[in-house]
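Below you'll find the structure, written out as structure tokens, and then a few comments.
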Amino acid sequence: KPNIIFILADDLGYGDLGCFGQQIIQTPNIDKLASEGMRLTDHYAGSTVCAPSRCCLMTGLHTGHALIRGNASVPLRPEDLTVPELLKKAGYTTGIIGKWGLGEAESTGIPNKQGFDYWFGYLNQRHAHNYYPEFLWKNEQKVPLEGNQLTTPDEGGWGVSIKKVTYSGDLFAAEALEFVERNKDSRFFLYLTFTIPHANNEAGSKGMEVPDFGPYADKDWPEPQKGHAAMITRMDGDIGRLMAKLKELGIDEKTFVMFSSDNGPHKEGGGDPAFFSSSGPLRGYKRDLYEGGIRVPTIVR
């Protein structure tokens, strides 16, 4: 039985990857996954927005049967059967790193009550807007992130940061490497849910938060578009390091890696899906039931 890594990007459009036709944004590591595996060109997300899409993914139910059908804070119930619960019965060690969105703290929906042995990241999807949060969750404990500070104190951790030291995407990448290292001798399932390239909606036109613009710093583009491209290329580098780790440990040929997105590209935080043709040849964006809202770039290696 192979190890399984499912990588889920957040609001990544059908046309945002080189292997799906992107001409400007650099995604060499994800493109390599496609060249070594399969490109699924007719793969659909469960919904046009975050929570219901992820509910469909975790429960295998379409939105007519799934409990969570919108972005309200509705937790999964004890009776909801999830992918990690099934995999645990098959002998897998299970972990989720990144964004959950299917249950708040102390609810029945937290990852540790839905089949995951290990959990690190954002429980609340609005909290996940901020790439420089004051805290994240590790299992059922809040973990403070030193140096990050919001404009105003907020119990839920929502808002915009005025002091930006620790970037959550970097933590997720590091946690993924540690999880794989820790479980290299056992059978594991890792659900790696990056928040890239979702916007920080509360930050307005500064919502494409990234430590630097990388190879796009000198481009004559609006800042949000530099940020959008830099986020995706940064995630691509993290995926490259994860694949290198699998090879270093000698388990890359017995690890099933899947990459996808939860829905189509967004228009928040100064984002403009037309700038990079983020929907590719498809009509529509996030929140649309046109193809551009639900048909997502998917790779299996």
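Treat the numbers as computed from the prediction; the structure is a model and nothing was measured.
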Requested in this report: Check whether any side-chain N or O of Arg295 sits under 3.5 Å from a backbone N or O of Leu282 as a donor-acceptor pair, and report yes or no.
Outcome: no
Query raised in the report: Just how far is it from atom CG of Asn112 to atom NZ of Lys138, taken to the nearest 0.5 Å?
Result: 12.0 Å
Query raised in the report: What distance do Asp236 atom CG and Asp31 atom CG have between them, rounded to the nearest 0.5 Å?
Result: 7.0 Å
**Report entry** Under 3.5 Å: donor-acceptor pair, side chain of Glu85, backbone of Thr82
**Finding:** yes
Query raised in the report: Does any donor atom in the side chain of Thr93 or Asp117 lie under 3.5 Å from an acceptor atom in the other side chain?
Result: no
Requested in this report: For the pair Lys163 (side chain) and Leu150 (backbone), establish whether a donor and an acceptor sit closer than 3.5 Å, ignoring hydrogens and angles.
Outcome: no
**Report entry** Other residues, nucleotides, ligands: >12 heavy atoms within 6.0 Å of Lys32 NZ
**Finding:** no
Query raised in the report: Hey, what do you get for CD1 (Ile7) to CD1 (Ile239), rounding to the nearest 0.5 Å?
Result: 4.5 Å
Query raised in the report: Just wondering, are more than 12 heavy atoms of other shown residues or ligands nearer than 6.0 Å to NZ in Lys184?
Result: yes
Requested in this report: Would you list the pairs meeting ring-ring contact (aromatic ring centres under 6.0 Å, His included) in which at least one residue belongs to residues 18-59, sequence neighbours left out?
Outcome: Tyr14-Phe20
Requested in this report: Could you tell me whether the side chains of Asn130 and Glu202 share a donor-acceptor contact shorter than 3.5 Å?
Outcome: no
Requested in this report: Under the side-chain hydrogen bond (donor to acceptor under 3.5 Å, both in side chains) rule, what do Thr59 and Asp80 come out as? Steps first, then yes or no, please.
Outcome: CA-CA 7 Å; Thr59 64; Asp80 291 316; over 6 Å; no
Requested in this report: Determine whether Phe172 and Leu8 fall in the same hydrophobic cluster, where Ile, Leu, Val, Met, Phe, Trp and Tyr are linked whenever their side-chain heavy atoms lie under 4.5 Å apart.
Outcome: no
Requested in this report: Look at the rings of Phe189 and Phe116 and say which category their plane angle falls in: under 30° parallel, 30 to 60° tilted, over 60° perpendicular.
Outcome: parallel
Query raised in the report: Knowing that exactly one of Thr255, Leu246, Leu190 qualifies, which makes a side chain to side chain contact (heavy atoms under 4.5 Å, CB included) with Asn3?
Result: Thr255
Requested in this report: Any chance you could measure Ser73, atom OG, to Gln125, atom CD, to the nearest 0.5 Å?
Outcome: 6.5 Å
Query raised in the report: Just by modelled atom types, is the Arg77 backbone N or O under 3.5 Å from a matching donor or acceptor in the Gln114 side chain?
Result: yes
Requested in this report: Verify the ring-centre separation between Trp100 and Tyr122: is it less than 6.0 angstrom?
Outcome: no
Query - Same cluster (ILVMFWY, side-chain, under 4.5 Å), Val165 and Leu136 - result: no
Query raised in the report: Please, which pairs that meet side-chain hydrogen bond (donor to acceptor under 3.5 Å, both in side chains) have at least one residue in residues 263-272, sequence neighbours excluded?
Result: Asp11-Asn263, Glu268-Arg287
Query raised in the report: Does the side chain of Pro297 reach to within under 4.5 Å of the side chain of Asp16, using non-hydrogen atoms?
Result: no
**Report entry** Flag side-chain contact, heavy atom, 4.5 Å: Arg234 against Pro211
**Finding:** yes
Query raised in the report: Can you check whether Tyr290 reaches Tyr285 side chain to side chain, under 4.5 Å on heavy atoms?
Result: no
Report task. Compute the ring centroids of Tyr92 and Phe188, then answer whether they are less than 6.0 Å apart. Result -> no
**Report entry** Inter-residue atom distance Asn124.CG - His129.NE2, 0.5 Å rounding
**Finding:** 8.0 Å
Query raised in the report: Does Phe256 belong to the same Ile/Leu/Val/Met/Phe/Trp/Tyr cluster as Ile96, with side-chain heavy atoms less than 4.5 Å apart forming each link?
Result: yes
Query raised in the report: Should Val296 and Val257 be regarded as members of a common hydrophobic cluster, given that ILVMFWY residues are connected when their side-chain heavy atoms come within less than 4.5 Å of each other, either directly or indirectly?
Result: no
Query raised in the report: Going by distance alone, is a donor N or O of one side chain under 3.5 Å from an acceptor N or O of the other, for Tyr118 and Glu175?
Result: yes
Query raised in the report: Within 45° of the axis and under 6.0 Å from the centre of the six-membered ring of Phe135, does NZ or CZ of Lys142 qualify?
Result: yes
Query raised in the report: Do the ring centers of Tyr131 and His198 come within less than 6.0 Å of each other?
Result: no
Query raised in the report: Hey, is the main chain of Lys99 close enough, under 3.5 Å, to the side chain of Thr193 for a donor-acceptor pair?
Result: yes
Query raised in the report: Looking just at side-chain N and O atoms, do Ser260 and Thr298 make a donor-acceptor pair shorter than 3.5 Å?
Result: yes
Query raised in the report: Between Glu253 and Lys247, does at least one N-O distance fall below 4.0 Å, as a salt bridge requires?
Result: no
Report summary line: In this structure, CE of Met243 is separated from CD of Glu248 (nearest 0.5 Å) by 13.0 Å
Requested in this report: May I ask you to decide if the ring planes of Tyr191 and Phe6 are parallel, tilted or perpendicular, using 30° and 60° as cut-offs?
Outcome: perpendicular
Query - salt bridge (charged side-chain N to carboxylate O under 4.0 Å, His left out) evaluation trace for Arg283 with Glu291 - result: CA-CA 6 Å; Arg283 177 185 182 186; Glu291 294 279 292; over 6 Å; no
Requested in this report: Kindly say whether the aromatic ring centers of Phe213 and Trp221 come within a distance under 6.0 Å.
Outcome: no
**Report entry** Sidechain-backbone polar pair: Thr27 side chain, Gly18 backbone, donor-acceptor under 3.5 Å
**Finding:** yes
